[in-house]
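To start, the structure under review is shown below, and the notes come after it.
Scope of the values below: all heavy atoms of this structure, side chains included, with no hydrogens, waters or symmetry mates. Sequential numbering from 1 along the given sequence is applied to the chain's residues. All of these numbers come straight from a predicted model, not from anything done at the bench.
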Amino acid sequence: MRSFVYQGLPSRVVFGAGALAQLPQAIAAMGAQRALVLCTPEQRASAERVAQLLGDRAAGIFDRAVMHVPIETAREAREVARQLGADCAVAIGGGSTTGLGKAIALDSGLPILAIPTTYAGSEMTPIYGITEAGLKKTGKDFKVLPKSVLYDPELTLTLPVGLSVTSGINAIAHAAEGLYSVEGNPVIDLMAEEGIAAIGRALPRIVSNAKDVQARSDALYGAWLCGIVLGSVGMALHHKLCHTLGGSFNLPHAETHTVVLPHALAYNAAAAPQAMQRIARALGRDDGKAAQAVFDLAKANGAPVSLRDIGMQAGDLDKACDIALQNQYPNPRPLEARAIRELLQAAWEGARPG
């Protein structure tokens with residue numbers, strides 16, 4: 001008989017095409033009056049649309065969110081929120097923007113409303129990450145969990161196809177590791193398998209037709225479920241490796257997850273056979289070969305499959321291995337230095353797991 005603990009996350013979700021129109025009511029439901037709108041420089045137009053929707057409730061726009069949330073950017077955004085008298089933040093974009101909102105909330109307690117435009121899933125988690133002095137530090141605090149999330153598939157129609165694929169596989173990574181988490185439970189298992197299946201179905205259709213609203217909706221639905229998994233249970237080796245590669249070597253977030261995931265799954269395959277069966281089944285295979293299924297999904301849909309192709313230098317692999325072995329996350333298979341170094345080499349070369 002399996003023993004487990006399940007903790008539901010206290011967030012309000014509005015899902016559906018056109019959900020953005022409900023933003024003013026969502027802000028009012030939070031009891032907020034002045035919202036600082038957060039975005040990356042590239043998504044300034046989306047932030048301006050949000051500010052226009054909010055009208056008098058918009059305190060201003062901070063458009064300098066970047067990958068991995070440098071502590072300097074977080075401090076600057078916190079000060080802008082204070083100066084403008086904002087009593088909440090609206091984060092529109094992907095994980096970088098949501099992460100900035102969380103960094104503000106961590107220090108100030110400012111509530112966040114998230115409007116995801118990628119499949120990152122971090123909007124459903126109380127997990128934050130801040131990079132300082134070349135190291136990405138992560139933590140968990142329920143005050144950074146967005147109070148409300150608007151999922152509008154129409155906002156993802158312009159997400160470039162390549163980023164759609166890597167963002168989707170990034171979401172799959174959350175669910176995959178949830179299936180062998182030490183904190184796993186039956187509810188999370190159901191969400192994880194359903195989330196992987198929804199994204200696995202959606203990505204080839206998005207590659208075929210980027211404007212397929214139903215495919216976009218399926219991908220966003222899957223990302224929501226995978227995000228709940230990420231927020232509910234602890235992650236393992238894959239996420240440790242990606243935090244290392246992203247925070248210390250500034251590799252692009254979603255692409256790093258896409259490249260590393262098949263190799264992390266191969267490393268853990270023998271130690272977590274039931275999880276591998278569920279991942280493979282969700283991706284349409286009945287042979288339990290989860291690592292190969294994820295690799296093939298990435299490659300068939302044009303995603304990068306090697307660290308070399310996304311900017312990792314061969315000379316940095318030893319250092320990455322050393323960092324990854326520090327402050328280890330719980331993992332089904334013990335972390336062995338030689339095996340982790342071989343994993344990184346295979347990921348750097350883009351070898352298909354055997």
Within the structure provided, determine whether Pro116 and Thr98 are in side-chain contact (heavy-atom separation under 4.5 Å). no
Looking just at side-chain N and O atoms, do Glu42 and Thr40 make a donor-acceptor pair shorter than 3.5 Å? yes
Please find the pair of heavy atoms, one from Ala19 and one from Leu150, that lie closest to each other, and give the distance. O-CD1, 3.8 Å
Please set out all donor-acceptor pairs under 3.5 angstrom arising from side-chain atoms of residues 291-310, sequence neighbours excluded.
| from | atom 1 | to | atom 2 | distance (Å) |
| --- | --- | --- | --- | --- |
| Gln292 | NE2 | Gly354 | O | 2.5 |
| Asp296 | OD1 | Arg352 | NE | 2.9 |
| Asp296 | OD2 | Arg285 | NH1 | 3.4 |
| Asp296 | OD2 | Arg352 | NH2 | 2.9 |
| Asn301 | ND2 | Leu297 | O | 2.9 |
| Ser306 | OG | Asp309 | N | 3.2 |
| Ser306 | OG | Asp309 | OD2 | 3.1 |
| Arg308 | NH2 | Glu349 | O | 3.4 |

Under a 3.5 Å distance rule, please check whether Arg216 uses its side chain to pair with a backbone N or O of Thr156 as donor and acceptor. yes
Mark yes or no for whether Glu177, through its side chain, and Ala236, through its backbone, hold a donor-acceptor pair below 3.5 Å. yes
Could you walk me through whether His243 and His68 pass the ring pair (Phe, Tyr, Trp, His ring centres under 6.0 Å) check? CA-CA 9 Å; His243 289 155; His68 309 306; 8.9 Å; no
Between the main-chain N or O of Gln33 and the side-chain N or O of Asp87, is there a donor-acceptor pair closer than 3.5 Å? yes
Heavy-atom neighbours of Lys319 NZ exceed 12 at 6.0 Å: no
Do the side chains of Val66 and Ser96 get nearer than 4.5 Å, heavy atoms only? no
Check this for me, if you would: do Arg82 and Glu79 make a salt bridge, where the nitrogen-to-carboxylate-oxygen distance has to be below 4.0 angstrom? yes
Answer yes or no: are there more than 12 heavy-atom neighbours, outside Gln25 itself, under 6.0 Å from its atom CD? yes
Is the closest side-chain heavy-atom distance between Leu36 and Leu110 below 4.5 Å? no
Answer yes or no: is there a side-chain heavy-atom contact under 4.5 Å between Leu343 and Leu237? yes
Give me the atom names and distance for the closest heavy-atom approach of Ile206 to Ala219. CD1-CB, 3.9 Å
Report the C-alpha separation of Leu265 and Met276 in whole Å, then their side-chain angles, then the decisive distance to 0.1 Å, and conclude whether the side-chain contact (heavy atoms from CB on, under 4.5 Å) test is met. CA-CA 8 Å; Leu265 293 177; Met276 301 304 152; 4.1 Å; yes
If you measure only the distance, is there a donor-acceptor pair under 3.5 Å linking the side chains of Glu342 and Tyr267? no
Derivation and outcome, side-chain contact (heavy atoms from CB on, under 4.5 Å), residues Leu317 and Arg341: CA-CA 7 Å; Leu317 293 175; Arg341 182 61 179 81; 3.6 Å; yes
Applying a strict under-4.5 Å side-chain criterion to I, L, V, M, F, W and Y, I'd like to know whether Val233 and Tyr329 cluster together. no
Grouping I, L, V, M, F, W and Y whenever their side-chain heavy atoms are under 4.5 Å apart, do Leu230 and Leu220 come out in a common cluster? yes
With the threshold set at 4.0 Å, does a side-chain nitrogen-carboxylate oxygen contact exist between Glu48 and Arg44? yes
How long is the straight-line distance from NZ of Lys143 back to CD1 of Ile112, given to the nearest 0.5 Å? 11.0 Å
Counting only heavy atoms not in Arg333, do more than 12 sit closer than 6.0 Å to its CZ atom? yes
What do you reckon, is CD of Glu76 surrounded by more than 12 foreign heavy atoms closer than 6.0 Å? yes
Does the Thr73 side chain pair with the main chain of Val69, one donor and one acceptor, at a distance under 3.5 Å? no
Is it the case that the side chains of Thr117 and Gln43 hold a donor-acceptor pair, with the cut-off being a distance below 3.5 Å and no angle test? yes
Do you know the tightest heavy-atom contact between Cys226 and Ala171? CB-O, 3.2 Å
side-chain contact (heavy atoms from CB on, under 4.5 Å) between Arg78 and Ser108: does it pass, once the steps are laid out? CA-CA 8 Å; Arg78 289 168 188 163; Ser108 66; 5.6 Å; no
For the pair Asn185 (side chain) and Tyr6 (backbone), establish whether a donor and an acceptor sit closer than 3.5 Å, ignoring hydrogens and angles. no
Check for me, please, whether Tyr221 and Met191 land in the same ILVMFWY cluster - side-chain distances under 4.5 Å, paths through other members count. yes
With rounding to the nearest 0.5 angstrom, report the CG to OG distance, Leu203 to Ser167. 9.0 Å
What are the two closest non-hydrogen atoms of Ile104 and Ala77, and how far apart are they? CD1-CB, 3.7 Å
Indicate yes or no for a side-chain donor-acceptor contact from Thr138 to the backbone of Gly129 under 3.5 Å, with no hydrogens or angles considered. no
Spatial distance of atom CG (Leu163) from atom OG1 (Thr166) [nearest 0.5 Å]: 4.5 Å
Going by distance alone, is a donor N or O of one side chain under 3.5 Å from an acceptor N or O of the other, for Asp218 and Gln214? yes
Is a side-chain donor or acceptor of Gln328 paired with a backbone partner of Leu325 at a separation under 3.5 angstrom? yes
Measure up the Trp224 and Phe15 rings against each other and bin them: parallel (under 30°), tilted (30 to 60°), perpendicular (over 60°). tilted
Mind checking whether Asp152 and Ile115 have side chains closer than 4.5 Å, heavy atoms only? no
Rounded to the nearest 0.5 Å, how far apart are CD1 of Ile323 and OG of Ser248? 4.0 Å
With a 4.5 Å heavy-atom cut-off, do Gln274 and Arg278 have their side chains touching? no
I would like to know whether His238 and His263 meet side-chain contact (heavy atoms from CB on, under 4.5 Å); could you show each step before the answer? CA-CA 8 Å; His238 168 79; His263 303 282; over 6 Å; no
Heavy-atom closest contact (Leu241 atom, Ala324 atom, distance): CD2-CB, 3.6 Å
What's the spacing between Ile71 CD1 and Lys137 NZ if we round to 0.5 Å? 7.5 Å
If you round to the nearest 0.5 Å, how far is CD1 of Ile188 from CZ of Phe4? 10.5 Å
Would you call Asp189 and Leu179 a side-chain contact if the rule is heavy atoms closer than 4.5 Å? yes
Closest heavy-atom pair and its distance - Cys321, Ala337: SG-O, 3.6 Å
Spell out, as yes or no, whether a donor-acceptor pair under 3.5 Å connects the side chain of His174 to the backbone of Ala120. yes
If we only count heavy atoms from C-beta on, is the Lys102 to Pro146 side-chain gap below 4.5 Å? yes
Please indicate whether Lys147 has more than 12 foreign heavy atoms, meaning atoms of other residues, nucleotides or ligands, lying under 6.0 Å from its NZ. yes
In the single-linkage hydrophobic clustering (I, L, V, M, F, W, Y; side-chain heavy atoms under 4.5 Å), do Val13 and Tyr119 co-cluster? yes
With the 4.5 Å side-chain cut-off for hydrophobic clustering, are Ile127 and Leu225 part of the same group? yes
